[in-house]
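Below you'll find the structure, written out as C-alpha cells, and then a few comments.
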Amino acid sequence: MTENFWGYRETAGRLGGSDLTGYKVEASDGSIGKVDKHSDEVGSSYIVVDTGPWIFGKEVLLPAGTISRIDPNDEKIYVDRTKEQIKNAPEFDKDKHLGDADYQRQVGGYYDGPHRL
C-alpha cells in the first residue's frame, strides 16, 4: 500500500475544512451515490458513500487516494475506480469499521492492490 493512499492527491482540488457531505460521487463509468461521511484525518482520509439502490443501500468506504478530482461548483467527487471495483470492495459497516485499523488495511490492500487501474 502506498504511503499517501489515505491522503488526498495534491491535484484533486481538496479544500481543507470544506464539508463534502452530500456531494455526488462518480466512478470512472458512472454515478455511484452520495457522500454520507468523510474524514480529513492525516494518514486516514476517506469518504463513505451511500450507494442507495445501486447496490441495495450498501455503504462503501473509499480511501482519499482513490479521488481523482473534486468539483466544488457541481458538488461532485470523481474517483478513479469502476462501479464493479467499488461494488466488490470489502463490505463497510460504520458501527464496526470506523477507526478499525485492520479494516483500513484490508480496504487499502483492495484498492491499492491488483484491482488498481
Side-chain angles (χ1 to χ4, degrees):
M1 179 171 33
T2 60
E3 186 176 316
N4 295 324
F5 197 64
W6 290 95
Y8 293 94
R9 300 175 194 174
E10 288 183 28
T11 57
R14 175 75 177 121
L15 300 174
S18 58
D19 186 5
L20 301 176
T21 305
Y23 275 42
K24 293 179 183 175
V25 182
E26 298 284 328
S28 60
D29 58 352
S31 180
I32 62 164
K34 290 186 177 185
V35 175
D36 184 48
K37 178 176 177 42
H38 66 94
S39 167
D40 289 335
E41 186 176 326
V42 175
S44 186
S45 298
Y46 61 82
I47 59 174
V48 174
V49 181
D50 179 352
T51 62
W54 172 59
I55 48 177
F56 308 107
K58 178 179 171 182
E59 287 189 325
V60 293
L61 185 137
L62 296 170
T66 63
I67 297 171
S68 58
R69 184 169 64 95
I70 299 171
D71 183 339
N73 295 325
D74 288 339
E75 295 192 350
K76 284 188 179 182
I77 295 174
Y78 297 85
V79 296
D80 63 1
R81 299 300 187 273
T82 66
K83 289 174 144 186
E84 189 68 22
Q85 288 172 311
I86 294 165
K87 181 179 177 181
N88 293 325
E91 187 171 344
F92 175 72
D93 179 336
K94 64 180 153 195
D95 295 328
K96 289 195 273 185
H97 296 133
L98 282 181
D100 182 336
D102 288 334
Y103 176 75
Q104 186 172 343
R105 277 190 291 278
Q106 181 185 11
V107 169
Y110 174 80
Y111 284 114
D112 199 32
H115 301 282
R116 186 144 194 229
L117 296 177

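Here the closest heavy-atom approach between residue W6 and residue G43 is recorded as CB-O, 3.2 Å. Between Y23 and I70 the shortest heavy-atom distance is CE2-CG2, 4.0 Å. Minimum heavy-atom separation, S45 to Y8: CB-CE1, 3.6 Å. For V60 against K58, the heavy-atom pair with the smallest separation is CG1-CE, 3.9 Å. Minimum interatomic distance between A27 and K83 (heavy atoms only, all atoms of both residues): CB-N, 3.8 Å. Between Y110 and A89, the shortest heavy-atom distance links the atoms CE2-CA, 3.6 Å.
Side-chain contact check for D80 versus S28: every heavy-atom pair is 4.5 Å or farther apart. The shortest distance between side-chain heavy atoms of Y46 and L98 falls below 4.5 Å. Side-chain contact between D29 and E84 is absent, with no heavy atoms from C-beta onward closer than 4.5 Å. In this structure, D19 and H38 have side chains that are in contact, with non-hydrogen atoms separated by less than 4.5 Å. Contact check for K94 versus E59: side-chain heavy atoms found under the 4.5 Å cut-off. Here the side chains of L62 and R81 are not in contact, with every heavy-atom distance at 4.5 Å or above.
Residues L20 and F92 fall within the same hydrophobic cluster, defined by Ile, Leu, Val, Met, Phe, Trp and Tyr side chains chained together at heavy-atom separations under 4.5 Å.
Between the NZ atom in K37 and the CD1 atom in I47 there is a gap of 12.5 Å [rounded to 0.5 Å]. Once rounded to the nearest 0.5 Å, the distance linking CD of Q104 with CZ of F5 reads 10.5 Å. Note that the OG1 atom of T82 and the CD1 atom of I32 stand 10.0 Å from one another [nearest 0.5 Å]. Between atom CD of residue E75 and atom OG1 of residue T21 there is a gap of 10.5 Å, rounded to the nearest 0.5 Å.
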### Query
Yes or no on side-chain contact (heavy atoms from CB on, under 4.5 Å) for I67 and R14, after CA distance, side-chain angles and deciding distance?
CA-CA 10 Å; I67 297 171; R14 175 75 177 121; over 6 Å; no
#### Entry: Test log, rule side-chain contact (heavy atoms from CB on, under 4.5 Å), inputs I86 and V79
CA-CA 10 Å; I86 294 165; V79 296; 4.0 Å; yes
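Using bins of under 30°, 30° to 60° and over 60° for the plane-to-plane angle, the ring pair H97/Y103 lands in the parallel bin.
Between the side chain of T51 and the main chain of G33, no donor-acceptor pair closer than 3.5 Å is present.
For the side-chain hydrogen bond (donor to acceptor under 3.5 Å, both in side chains) test, no residue two or more places apart in sequence or in another chain qualifies with S39.
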